[in-house]
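A short write-up of the structure that comes next.
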Amino acid sequence: MWLEIRLKPAEIVPCGTIFVGVHNTCPNGTIFVFYASPSPRSSWIDIISVIDSNQIVGLRKSRSSSSSSWTTRAQELLRRRLILEDDFTWKIPTTTTTTTTTTSSSLEDEAEDGKKLLMLRYVGGVDLSFSKDDPSMACAALVVLDLQADATLNVVYHDFTLTHLHIPYIPGFLAFREAPVLLDLLDKMKRDSNPFYPQVHAKLMVPFVGFGLACHLGVMADLPTIGIGKNLHHVDGLTQSGVRKLLEAKENCAEDLITLTGCSGRVWGAALRSTRGSLKPVFISVGHRISLDTAIKVVKLTCKYRVPEPIRQADIRSRSFLQKNQGVIKKECD
DNA sequence: GCGACAG
DNA sequence: ATCTTGTCGC
């Protein structure tokens with residue numbers, strides 16, 4: 001539900017559009033406010049808390065003390081709930097190189113306290129594709145892959161939503177644009193009690209930054225999440241060319257992996273050359289309820305190609321679904 | 001201060 | 001993100 005206010009040039013400079021409303025990326029008791037300025041650089045997003053119907057508190061984004069990036073109050077509220085350590089009940093399969101038919105490559109294992117530990121099996125992935133003709137039209141995809149012992153990475157579930165996105169892309173605020181429809185897809189799957197729902201022994205992979213989409217979705221859906229980026233969002237002194245240089249320097253090292261530490265000393269994630277042939281790395285960050293080390297292990301397990309398979313499949317399938325169906329949608333609108 | 005910036 | 005053509009290599 002949205003209230004859209006179009007401002008006249010006299011009211012604010014530069015003039016733009018303010019959206020106010022409830023939003024499924026909002027913590028309870030809060031309202032989403034989004035100002036889309038003609039210049040994306042000066043757009044902002046925030047969530048305000050509601051005291052009663054007439055009073056509101058809190059406003060505007062604030063400068064994060066730990067880095068050079070901007071965060072909103074919304075992101076700060078969600079960050080309080082973020083868990084940065086492993087917090088799940090499953091076990092990670094051994095890497096493919098060591099899976100020499102361990103006769104009982106068992107799907108269960110005994111934990112120290114006697115509890116059964118399930119092997120990680122269902123890994124989710126999400127992505128959005130956009131229409132060329134109508135940039136506001138998008139197809140969101142959720143896929144779940146089966147991470148069997150033979151590592152075939154079969155897609156066992158997929159679902160799509162065609163939608164219109166009224167919130168523009170602003171670096172640092174991607175989650176406000178893409179999280180709502182992805183949360184809907186997850187909710188639908190959970191409501192249906194789908195056996196492949198990536199809840200207990202699974203993960204969802206999404207692009208990231210700071211408190212980015214992966215963290216945002218992870219907290220909102222209460223799922224362990226990993227952030228995957230094909231490009232690096234430049235924060236805290238980190239640049240893609242800088243990372244490239246570091247990787248070149250490590251050219252002959254065994255591990256094609258570097259930790260991304262910003263000028264502030266904060267560790268933002270890792271850059272990994274996931275395929276032997278790829279010069280360009282993928283960028284990994286923790287989302288929710290997972291450590292960076294574990295996140296990297298899971299990414300390695302799901303990399304048939306440069307981009308981890310859950311993300312790749314979500315990307316491919318969302319694009320083809322959009323191309324098959326946007327014509328149908330257009331006809332309906334006539 | 002300005003510019004850089006996931007998709 | 002989106003649009004392309006060809007091209008190289010297994």
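So that the names make sense, note that chain A is the first sequence line, chain B the second, and so on, each numbered from 1. What you see below is based on every heavy atom in this structure, not just the backbone, and it leaves out hydrogens, waters and symmetry mates.
The shortest distance between side-chain heavy atoms of Asp184(A) and Thr161(A) does not fall below 4.5 Å. When side chains are defined from C-beta on, Val156(A) does not count as touching Leu145(A), because their heavy atoms never get closer than 4.5 Å. Using a 4.5 Å heavy-atom cutoff, the side chains of Ile83(A) and His288(A) are in contact. Looking at His164(A) and Ser136(A), their side chains come closer than 4.5 Å, going by heavy atoms from C-beta outward. By the 4.5 Å heavy-atom criterion applied to side chains, Phe160(A) and Leu142(A) are not counted as neighbours.
Close to dC5(B), at under 4.0 Å from its OP1 or OP2, lies no side-chain N or O of Asn231(A). Arg319(A) has a side-chain polar atom (N or O) that falls below the 4.0 Å cut-off from OP1 or OP2 of dT2(C). In this structure, Ser129(A) reaches the dT2(C) phosphate: one of its side-chain N or O atoms is under 4.0 Å from OP1 or OP2.
Between the side chain of Asp256(A) and the backbone N or O of Leu272(A), no donor-acceptor pair lies under 3.5 Å.
As a whole-Å value, the separation of Leu279(A) CG from dC8(C) C1' is 14 Å. Rounded to an integer number of Å, the gap from NE2 of His164(A) to C1' of dA1(C) is 17 Å. Rounded to whole Å, atom C1' of dG9(C) lies 14 Å from atom OH of Tyr305(A). Spacing between atom CG of Leu213(A) and atom C1' of dC5(B) amounts to 16 Å, rounded to whole angstrom units. The distance between atom CZ of Phe283(A) and atom P of dC5(B), rounded to the nearest whole Å, is 13 Å. Computed from coordinates, the Arg312(A) CZ to dG7(B) P distance equals 16 Å when rounded to whole Å. Per the geometry, CE belonging to Met137(A) stands 14 Å off P belonging to dT2(C), to the nearest Å. Remark: C1' of dA6(B) and CG of Leu174(A) are 6 Å apart, rounded to the nearest angstrom.
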#### Entry: Paired and unpaired positions of DNA chain B as dot-bracket, Watson-Crick or G-U wobble under 3.5 Å, | denoting a partner strand
.......
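Residues in residues 211-221 of chain A take part in no side chain to side chain donor-acceptor pair (under 3.5 Å) pair, two or more places apart or across chains.
The nearest pair of heavy atoms linking Val282(A) to Ser274(A) is CG2-OG, 4.1 Å.
The stacking criteria are not both satisfied for Phe130(A) over the base of dA1(C), which would need a centre-to-centre distance under 5.5 angstrom and an angle between ring planes under 30 degrees.
Rounded to the nearest 0.5 Å, atoms CG (Leu153(A)) and OG1 (Thr302(A)) are 7.0 Å apart.
Taking only side-chain atoms of Asp127(A), from C-beta outward, the nucleotide of dG7(B), dA6(B), dC3(C) with the closest atom is dG7(B). Nearest to the side-chain atoms of Lys132(A) among the listed nucleotides dC5(B), dC3(C), dA6(B) stands dC3(C).
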### Query
What's the verdict on salt bridge (charged side-chain N to carboxylate O under 4.0 Å, His left out) for Asp159(A) and Lys188(A), showing C-alpha distance, side-chain angles and the deciding distance?
CA-CA 10 Å; Asp159(A) 192 17; Lys188(A) 179 180 166 192; 2.9 Å; yes
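Using a 4.0 Å heavy-atom distance criterion, Ser131(A) is classed as making no nucleic acid contact.
You won't find any donor-acceptor pair under 3.5 Å spanning the side chain of His234(A) and the base of dC5(B), going by distance alone.
In DNA chain C, consecutive stretches of 3 or more Watson-Crick or G-U wobble pairs with both distances under 3.5 Å do not occur.
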